[in-house]
Amino acid sequence: MSARIIDGKATAERLRGGLAARIATLGFHPGLRVVRVGDDPASGVYVRNKDRAAAAAGFDSATIHLPADIRESDLLMLVADLNIDPTVDGILVQLPLPPQIRPNMVIAAIDPAKDVDGFHPLNAGRLASGQPGLVPCTPKGVMHLLRDTHGGGATPLAGARAVVLGRSQIFGRPMLQLLLAADCTVTVVHSRSRDLAGECRRADILIAAVGRAGLVRGDWIAEGATVIDVGINRGADGKLVGDVAFAEALPRAGAITPVPGGVGPMTIACLLENTLEAALARRGVATG
Ligand code: NAP
């Protein structure tokens, strides 16, 4: 048996199409501002892709590019201006930031109602306590893929054993909360966990977000499990590869995301979804 490939590109396209259709009915263009500091090349690719996708879906999107040596206080002033700008619905400060800037200070300075990355402590707290708020884009995108894959009742999410590899603030922790909210039984493993392979083998849903090429071997995967590969790594040949040894996983998994073309495209689509949600919430319009 060969696993079904979960097509994140197609799912992201559908999601963006739905957002565009909704925006066309609104009479305004939700405003997104991305702040990029310095010239990190990976951030440059992300920001360009985001600009293109946002414009195509009808957002008023712009990137503010600042020099790498900007002072933290100047960046905080810019964020304060964006917070009070009525044309701006969503603010994203692209990470990583240069060493003179404390990312937590910047994240905490963003108005939580415009925090489309979902990293502000208030939004993280809302997620952890089961209240509505803006949710980090990558784990939100994974939930879209899981709902598609586990929809229809054959293998419901409720009660499924989910294992998340990685416990970062931007992915592993919010992923844990979203899976719990979907009634999964969740285990989170990390660099200090014992018997990584054994934990993974018990998973109906295995989600890897570690940043180590090919860490998850084929025999770590239970027969028929859904495998979501969040990792983005450069292989020896320069190509992008995930955290899962894809060729080994194919004959064992029931469904699997490729890298690239799996989780990656969902992140930008969910950033746009968050921006629309923020725009509607700020105007007191119900989402849906
Ligand atoms: P991170 O902050 O570096 O966290 C990595 C996590 O993996 C940590 O919890 C770490 O454990 C754990 N870990 C590291 N080595 C391990 C090992 N050998 N065994 C078990 N656990 C180990 O990374 P991140 O920001 O969450 O990103 C993870 C990966 O996802 C990266 O490849 C990143 O590029 C990718 N990513 C992709 C997207 C997307 O849009 N597709 C978005 C975000 C991230 P400790 O906590 O114990 O250190």
Side-chain angles (χ1 to χ4, degrees), residues 6-13 15-16 34 40-50 52-54 92-97 103-104 107 116-119 124 127 135-146 162-179 186-203 206-217 220-221 227-236 238-246 256-274:
I6 300 172
D7 188 344
K9 212 165 154 236
T11 309
E13 254 168 48
L15 180 54
R16 286 189 273 115
V34 173
D40 179 69
S43 301
V45 174
Y46 176 76
V47 165
R48 266 194 306 282
N49 289 342
K50 184 264 332 154
R52 217 173 295 134
L92 181 154
V93 179
Q94 185 64 44
L95 304 176
L97 289 165
N104 284 345
I107 291 167
V116 285
D117 243 347
F119 295 159
L127 180 60
V135 171
C137 304
T138 305
K140 185 172 182 166
V142 169
M143 286 313 295
H144 278 295
L145 296 177
L146 288 178
V163 172
V164 182
L165 276 150
R167 56 174 165 178
S168 67
Q169 297 289 349
I170 68 160
F171 185 81
R173 286 164 200 257
M175 191 73 250
L176 155 71
Q177 299 299 344
L178 290 171
L179 291 164
V186 193
T187 304
V188 178
V189 292
H190 45 79
S191 68
R192 308 296 294 272
S193 299
R194 287 194 300 268
D195 190 17
L196 229 52
E199 296 292 349
C200 292
R201 276 188 206 109
R202 282 189 279 279
L206 179 59
I207 302 176
V210 171
R212 301 266 187 284
L215 174 78
V216 177
R217 310 308 309 230
W220 293 23
I221 296 167
V227 178
I228 305 285
D229 193 350
V230 182
I232 302 177
N233 313 286
R234 283 266 165 225
K239 290 201 178 125
L240 288 187
V241 291
D243 289 346
V244 178
F246 188 75
I256 187 167
T257 57
V259 177
V263 174
M266 293 301 295
T267 297
I268 288 181
C270 288
L271 170 66
L272 301 182
E273 187 179 42
N274 277 352

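Just so you know, ligand 1 is whichever comes first in the structure, and atom 1 is the first atom listed for that ligand. Just so it is clear, the values below take in all heavy atoms, side chains as well, and ignore hydrogens, waters and symmetry mates. The residues of the chain are indexed from 1 along the displayed sequence.
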Notebook entry, point to check: Do any pairs count as a side-chain hydrogen bond (donor to acceptor under 3.5 Å, both in side chains) and have a residue in residues 135-144, sequence neighbours left out, and if so which ones?
Noted result: Thr138-Thr267, Lys140-Asn274, Lys140-Glu277, His144-Glu273

Checklist line | Closest non-hydrogen atom pair, Gln169 against Pro174 | finding: O-CD, 3.1 Å

Notebook entry, point to check: Who are the salt bridge (charged side-chain N to carboxylate O under 4.0 Å, His left out) partners of Arg52, not counting sequence neighbours?
Noted result: none

Margin query: Would the distance check show the side chain of Ser193 and the main-chain N or O of Leu196 forming a donor-acceptor pair, the cut-off being under 3.5 Å?
Written below: no

Per-pair distances, ligand 1 N/O vs protein N/O, less than 3.5 Å:
unit_1, atom_1, unit_2, atom_2, d
ligand 1, 9 (O), Arg167, N, 2.8
ligand 1, 11 (O), Ser191, N, 3.3
ligand 1, 15 (N), Arg212, NH2, 3.3
ligand 1, 21 (N), Ser191, N, 3.3
ligand 1, 26 (O), Ser168, OG, 2.5
ligand 1, 32 (O), Ile232, N, 3.0
ligand 1, 32 (O), Ile232, O, 3.4
ligand 1, 40 (O), Thr267, OG1, 2.8
ligand 1, 46 (O), Arg167, NE, 2.7
ligand 1, 47 (O), Arg167, NE, 3.3
ligand 1, 47 (O), Arg167, NH2, 2.7
ligand 1, 47 (O), Ser191, N, 3.2
ligand 1, 47 (O), Ser191, OG, 2.5

Next item on the list: Only counting residues at least two apart or in another chain, list the ones meeting side-chain contact (heavy atoms from CB on, under 4.5 Å) with Gln94.
Entry: Ser43, Tyr46, Val47, Leu92

Checklist line | Sole residue of Asn233, Val259, Leu165 in side-chain contact (heavy atoms from CB on, under 4.5 Å) with Asp243 | finding: Asn233

